[in-house]
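Please read the structure below before turning to the comments.
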Amino acid sequence: GPSNFMEVLAANGTGSIPTAVPGGKRRFLDERREQPFDKRLRFSVRQTESAYRYRDIVVRKQDGFTHILLSTKSSDNNSLNPEVMKEVQSALNTAAADDSKLVLLSAVGSTFCCGLDFIYFIRRLTDDRKKESTKMAEAIRTFVNTFIQFKKPIIVAVNGPAIGLGASILPLCDVVWANEKAWFQTPYTTFGQSPDGCSSLTFPRTMGLAS
């Protein structure tokens, strides 16, 4: 329920932020609540929890929503490599099919997400650069499309730095809470990297052309 959801937000350091949700999102949730749910898609809590076994993320089925936490073992500072992205996609696909009304995305530790794991990618460019570059681009494209196509609300609790792709996916979500330790950076020109996560479109729409 709502109280359980706010308790989880408070545990992520974002509980002091006003709890009001914009009217459009509230209407969306109310409309979904009134729609009949296909019982064939309903997972029991026990079945769901036993199915959530990941290495780089933690997934908790809460009362009415799914909580996904970045807790990367295969990268530093919750950076995103293909393994991490596949696990997030898997968790979102599961939440799309079960009785979760929304998804809460947050992170373990003091860093939300440091974007792409460049060390991972550089190591794999030592062989067939063209082939590996194509695979990397496809992994990122599929990851971003999962957020775009997800039909339920995604709420993000940002508890620290959000850099690169960790920042650019935020406008693809529905509500973003950030505590006082959160900051955002997109160092694309510094690394000679093209903007990712549709940020060249979403950032001007969200912040205005001047920003």
_I119, CD1 atom: more than 12 neighbouring heavy atoms under 6.0 Å_ =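 At most 12 heavy atoms, drawn from other residues, nucleotides or ligands, come within 6.0 Å of this atom.
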_Atom NZ of K130 with >12 non-hydrogen neighbours under 6.0 angstrom_ =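 Atom NZ in K130 is not packed in, count stays at 12 or less.
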Treating [X] as the side-chain partner and [Y] as the backbone partner, does any N or O pair qualify as donor plus acceptor under 3.5 Å?
X	Y	answer
N77	C114	no
Q185	G164	no
D117	S79	no
T146	T142	yes
N159	A178	no

Approximate separation, where rounding is to 0.5 Å, of [X] [atom1] and [Y] [atom2]:
X	Y	atom1	atom2	result
K101	T66	NZ	OG1	11.0 Å
R55	S71	CZ	OG	11.5 Å
F203	C198	CZ	SG	10.5 Å

Can you find a pair of side-chain heavy atoms, one from [X] and one from [Y], that are under 4.5 Å apart?
X	Y	result
R60	L69	yes
I163	F184	no
L92	F147	yes
E132	F121	no
L104	I68	no
S75	Y120	no
V175	V156	no
N93	F150	no

Side-chain heavy atoms nearer than 4.5 Å, only ILVMFWY residues, links allowed to pass through others: does that put [X] and [Y] together?
X	Y	value
L172	Y188	no
V144	I57	yes
L201	I148	no
M136	I169	yes

*asked:* Assess the residue pair D56 and T72 against the criterion (side-chain hydrogen bond (donor to acceptor under 3.5 Å, both in side chains)); give the C-alpha distance rounded to whole Å, side-chain angles, the decisive distance to 0.1 Å, and a yes or no.
replied: CA-CA 4 Å; D56 288 302; T72 55; 5.2 Å; no
Any Lys/Arg nitrogen of [X] or [Y] sitting under 4.0 Å from an Asp/Glu carboxylate oxygen of the other?
X	Y	result
K135	E138	no
K86	E83	no
K152	D99	no

List the atom of [X], the atom of [Y], and the distance in Å for their closest heavy-atom pair.
X	Y	answer
D174	P153	OD2-CA, 3.1 Å
A162	A167	O-CB, 3.5 Å
S100	K61	OG-CE, 3.5 Å

_Qualifying residue for side chain to side chain contact (heavy atoms under 4.5 Å, CB included) with V158, from V176, L105, N179_ =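 For V158, the side chain to side chain contact (heavy atoms under 4.5 Å, CB included) check succeeds only for V176.
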_If we count only N and O atoms by modelled type, under 3.5 Å, do the side chains of S90 and Y54 hold a donor and an acceptor together?_
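Side chains of S90 and Y54: pair found under 3.5 Å.
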_Donor on one side chain, acceptor on other, N81 and S74, under 3.5 Å_ =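 Yes, a side-chain donor-acceptor pair sits under 3.5 Å.
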*Which is it for V88 and F143 under the side chain to side chain contact (heavy atoms under 4.5 Å, CB included) test, yes or no, and what are the steps along the way?*
CA-CA 8 Å; V88 174; F143 177 72; 3.9 Å; yes
*asked:* Check the orientation of H67 and F65. Use parallel for under 30°, tilted for 30 to 60°, and perpendicular for over 60°.
replied: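 Rings of H67 and F65: tilted, 30 to 60°.
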*Passing option when S168 is tested against T202, D196, T186 for side-chain hydrogen bond (donor to acceptor under 3.5 Å, both in side chains)*: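 It is D196, the one option of T202, D196, T186 that forms the side-chain hydrogen bond (donor to acceptor under 3.5 Å, both in side chains) with S168.
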